[in-house]
Number of protein chains: 2
Amino acid sequence: MQLDDSNRITIVEVAQYAGVSTATVSRVINKTGPVLPETAAKVYAAIEALNYKPNAAARGLASRRTNAIGLLVDEINSEFFQPMLRGIEVTARASGMSLLISSTGGMDKATPPYPLGENNTDGLIIFADSLPQEEILRLHKIGLPMVLLHRSSPPNLNIPCVTVENKIGARRMVDYLIEERGYRKIAFLEGPDSHEDAYWRKLGYQESLAAHNIPFDPKLVSLGGFDEAQAHLSVSHWVEQGLKAKVIFAADDDSAIGAMIALKEAELRIPEDIALVGFDDIRLAAYLDPPLTTVRAPIEQAARIAVEQLVKVIHGEEVELKTLLPTELVIRRSCGCC
Amino acid sequence: MQLDDSNRITIVEVAQYAGVSTATVSRVINKTGPVLPETAAKVYAAIEALNYKPNAAARGLASRRTNAIGLLVDEINSEFFQPMLRGIEVTARASGMSLLISSTGGMDKATPPYPLGENNTDGLIIFADSLPQEEILRLHKIGLPMVLLHRSSPPNLNIPCVTVENKIGARRMVDYLIEERGYRKIAFLEGPDSHEDAYWRKLGYQESLAAHNIPFDPKLVSLGGFDEAQAHLSVSHWVEQGLKAKVIFAADDDSAIGAMIALKEAELRIPEDIALVGFDDIRLAAYLDPPLTTVRAPIEQAARIAVEQLVKVIHGEEVELKTLLPTELVIRRSCGCC
DNA sequence: TAATCTGATGTAAGCGCTTACATAGCATAT
DNA sequence: ATATGCTATGTAAGCGCTTACATCAGATTA
């Protein structure tokens, strides 16, 4: 079955039915320009009677606005994703914007074309390393509104970005492990190079060590990759080679899960034999066995703010260039606290 | 900063640069109609040189196709959502379609306008009860391609639908609890009325009871609502009133989690004091304490198939009217198996 | 009273594409 | 040699809206 072309209702039919011009119908729909209440009523009645729906493409072509925002992510695989998407979807809808989503995970990120951009959105939320800096530069140059989420602006571009206190969060976690729990040898499962959250979290880890006069030991660092399987692998290697740490700090909860599984396979008790902490506080964290000590990141809130800012930028308003949301230590059993 | 209108590159500039007409450029881009290889090469060179991107709105207006599909969900809250979205996004992108997402959770579902429909998509994936039957009827009448996901077609409409073997899955679970584990009193945390998965799962539960000559006891049924908080509440009530069942079958894993928490609060041991099983096998299930026995539903696969079918319908091809994917019992500790 | 302004509406020119139709060149069939 | 068909390309008419500009009636001002 095909869309029935024959009796398609356009603004022209509405205008005729209401006995006004198309311009007036448009004014009523978009609430632009002055219209007599009675005229508006007639138009609304016509819209209702004919069951008219404005064609988004025609609107977009004429007004040069799509009324859509795009969300670019690398992959839809982490638990992280769900609260982020909820925040974005809800806020976009509340702002009257459609939401287009695309992941760049499967494709060669260095090579255009990218699925979302100036030709099909009014602006973009760019998550972490979903888009290469080169393309961000290009979009910035042509003036496409953008907000970066969990990523900071390339130097001198002043693209608004929203992220969480990664460094401070990691710093506090390690401070806690050292000061409250008495650990000195703290292994670190770092995130992927390309991901900025990973960079700051590692820095927080290093700063805390330095502040406590603990030398940084590269042997205590391995790749967690923000990924369960990768972390599993790395921790298994550590175990085989006799890791000397008494606690593992995974740079995100997904890698903490991988670590937890590897440790259980090696029949190490958590936290008695080795403690384990993560970062993000995804929903799973509280339900793990033992429940995971972690750093709570306000993922959904960051997403909401990013969309609010994007909408403002699209409307030509000024926004905060850098929004850093606070993180919070969440103590559960996996760190040996109780 | 605004999009730079002055030197916008359109198909006209490309045509001039390449020394051909706009029709030829269009033919090259869309691979419609015959074009000499050398001509095509010139056009590609022009596109490259000018960094031309076709305007989606203009394309849509002229061709009457948006090249976008819409996904309508009720709420983005369950773990269920992530694998589903991944399946949909990946398949949509592979088919060259943009993906628009909207949830109808916050709004009054009975009342238009709906955010996604014939004016901004070529077709819709409608998840469960995200859209009232009335609107589905309207869209069907005007011929908008649709595929229903985890919901079956209204009578006589023959809208393709993709779902999982809910009834058989539930039936097998209860068969297993009765035959292998020896339970006779099996409490059931049912899903929300509006959700079709809930209906079939309950039916499977009832069928198994009947097949084993166990009378159906309404007192053993309470609302889980596919929701952690709701299940928590219901199970707490049960505990207060002295539930006589030795096992709880939660109609989905989210409600199983709520049940688990309520049971732990009541200091009941799982599975020694009371066993617990769920449905879906969300990622969390394996990590709970104890790991949750459940029915695995191929959520991502169902999503992929739904998009594949939708794309076929959009292209005017025939598709299966009803796709039922097999579910599978996943035995873990929470049922008292080991 | 004439001049001016304001509010309500209409007219029509695009927005940037796709595509039906026209055209032209050339090979093949008659 | 003319007719026929096919390939490659161009011309131009929209697609369904928005919006700059024009118009006109009535209110306000000098």
Side-chain angles (χ1 to χ4, degrees), chain A residues 2-43 46-47 50-68 117-122 142, chain B residues 2-43 46-47 50-68 117-122 142:
Chain A
Q2 291 292 322
L3 268 187
D4 193 354
D5 277 33
S6 53
N7 52 287
R8 227 198 206 76
I9 303 300
T10 75
I11 202 172
V12 176
E13 280 75 51
V14 175
Q16 284 172 350
Y17 190 102
V20 298
S21 71
T22 60
T24 297
V25 176
S26 176
R27 285 187 195 106
V28 171
I29 292 173
N30 300 299
K31 306 198 197 311
T32 70
V35 176
L36 227 49
E38 309 110 66
T39 312
K42 279 191 292 182
V43 171
I47 289 174
L50 301 174
N51 196 11
Y52 166 71
K53 322 260 175 195
N55 176 304
R59 251 211 245 240
L61 184 56
S63 67
R64 293 144 157 284
R65 283 181 293 98
T66 63
N67 268 308
E118 71 274 26
N119 60 92
N120 54 2
T121 67
D122 291 344
I142 64 172
Chain B
Q2 290 293 321
L3 269 186
D4 193 353
D5 276 35
S6 54
N7 53 287
R8 227 198 206 77
I9 302 300
T10 75
I11 202 172
V12 176
E13 280 74 50
V14 175
Q16 283 173 351
Y17 190 100
V20 299
S21 72
T22 60
T24 297
V25 174
S26 177
R27 286 187 194 104
V28 170
I29 292 173
N30 300 299
K31 306 198 198 311
T32 70
V35 177
L36 228 48
E38 308 112 66
T39 314
K42 279 191 294 183
V43 171
I47 288 173
L50 301 174
N51 195 12
Y52 166 71
K53 321 259 176 198
N55 176 306
R59 252 212 245 240
L61 184 55
S63 67
R64 296 146 154 281
R65 284 181 293 98
T66 64
N67 267 309
E118 71 274 25
N119 60 92
N120 54 4
T121 66
D122 291 343
I142 63 172

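Proteins come first, then strands; the chains are lettered A, B, ... in the order of their sequence lines, and each starts at number 1. As the structure is a prediction and not an experimental result, all values here were calculated from the model.
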Measure the distance from CG on B/Leu36 to P on D/dG10 and round it to the nearest whole Å.
11 Å

What's the CD-C1' distance between B/Gln16 and C/dG16, to the nearest Å?
14 Å

Taking only the side-chain nitrogens and oxygens of A/Asn55, find out if one of them lies under 4.0 Å from OP1 or OP2 of D/dC15.
no

Does A/Gly19 or B/Val25 map to a spot on DNA chain C nearer the 5' end, using the closest nucleotide for each?
A/Gly19

5'-most contact on DNA chain D (nearest-nucleotide basis), A/Thr10 vs B/Thr22, goes to B/Thr22

Side chain of B/Ala23 (C-beta onward), nearest among D/dT9, C/dT9, D/dA12:
D/dA12

For C/dT9, does OP1 or OP2 lie under 4.0 Å from any side-chain N or O of A/Thr39?
yes

Does a side-chain heavy-atom distance below 4.5 Å link B/Ile29 with B/Arg59?
yes

So, under a plain 3.5 Å distance rule, would you say the side chain of B/Arg27 forms a donor-acceptor pair with the base of D/dG10?
yes

May I have the distance from B/Arg65 (atom CZ) to D/dG16 (atom P), rounded to whole angstrom?
15 Å

Rounded distance in Å - NZ (A/Lys31) to P (D/dT18):
13 Å

If you assign each of B/Ala58 and B/Ser21 to its closest nucleotide in DNA chain D, which residue comes earlier from the 5' end?
B/Ser21

Under 4.0 Å between any heavy atoms, over every strand shown, what does B/Val20 touch: base, sugar-phosphate, or nothing? Just pick one.
sugar-phosphate

Between D/dC15 (P) and B/Asp122 (CG): distance, integer Å
18 Å

Could you tell me whether the side chain of A/Gln16 and the main chain of A/Glu13 form a donor-acceptor pair under 3.5 Å?
no

Heavy-atom check, side chain of A/Asn120 versus side chain of A/Thr66, under 4.5 Å:
no

Roughly how far apart are B/Ile142 CD1 and A/Asn51 CG, rounded to 0.5 Å?
8.0 Å

Does C/dG16 have OP1 or OP2 under 4.0 Å away from a side-chain N or O of A/Arg64?
yes

Would you say D/dT18 has OP1 or OP2 under 4.0 Å from some side-chain N or O of A/Ser26?
yes

Would you tell me if any nitrogen or oxygen in the side chain of A/Thr24 comes within less than 4.0 Å of OP1 or OP2 on C/dG10?
yes

Going from CG on B/Leu61 to CG on A/Leu61, what distance comes out if it is rounded to the nearest 0.5 angstrom?
5.5 Å

Output the rounded distance in Å from CZ (A/Arg8) to P (D/dC15).
10 Å

For atom NZ of B/Lys53 and atom P of C/dC17, their distance in whole Å:
13 Å

Side chain of A/Ala62, heavy atoms from C-beta onward: which of C/dT19, D/dT18, D/dT19 has the nearest atom to it?
D/dT18

I need the CD1-P distance between B/Ile11 and D/dA12, as an integer number of Å.
16 Å

Does a nitrogen or oxygen in the side chain of A/Arg59 sit under 4.0 Å from OP1 or OP2 of D/dT18?
yes

dist A/Ile11:CD1 -> A/Asn55:CG (nearest 0.5 Å) comes out at 11.0 Å

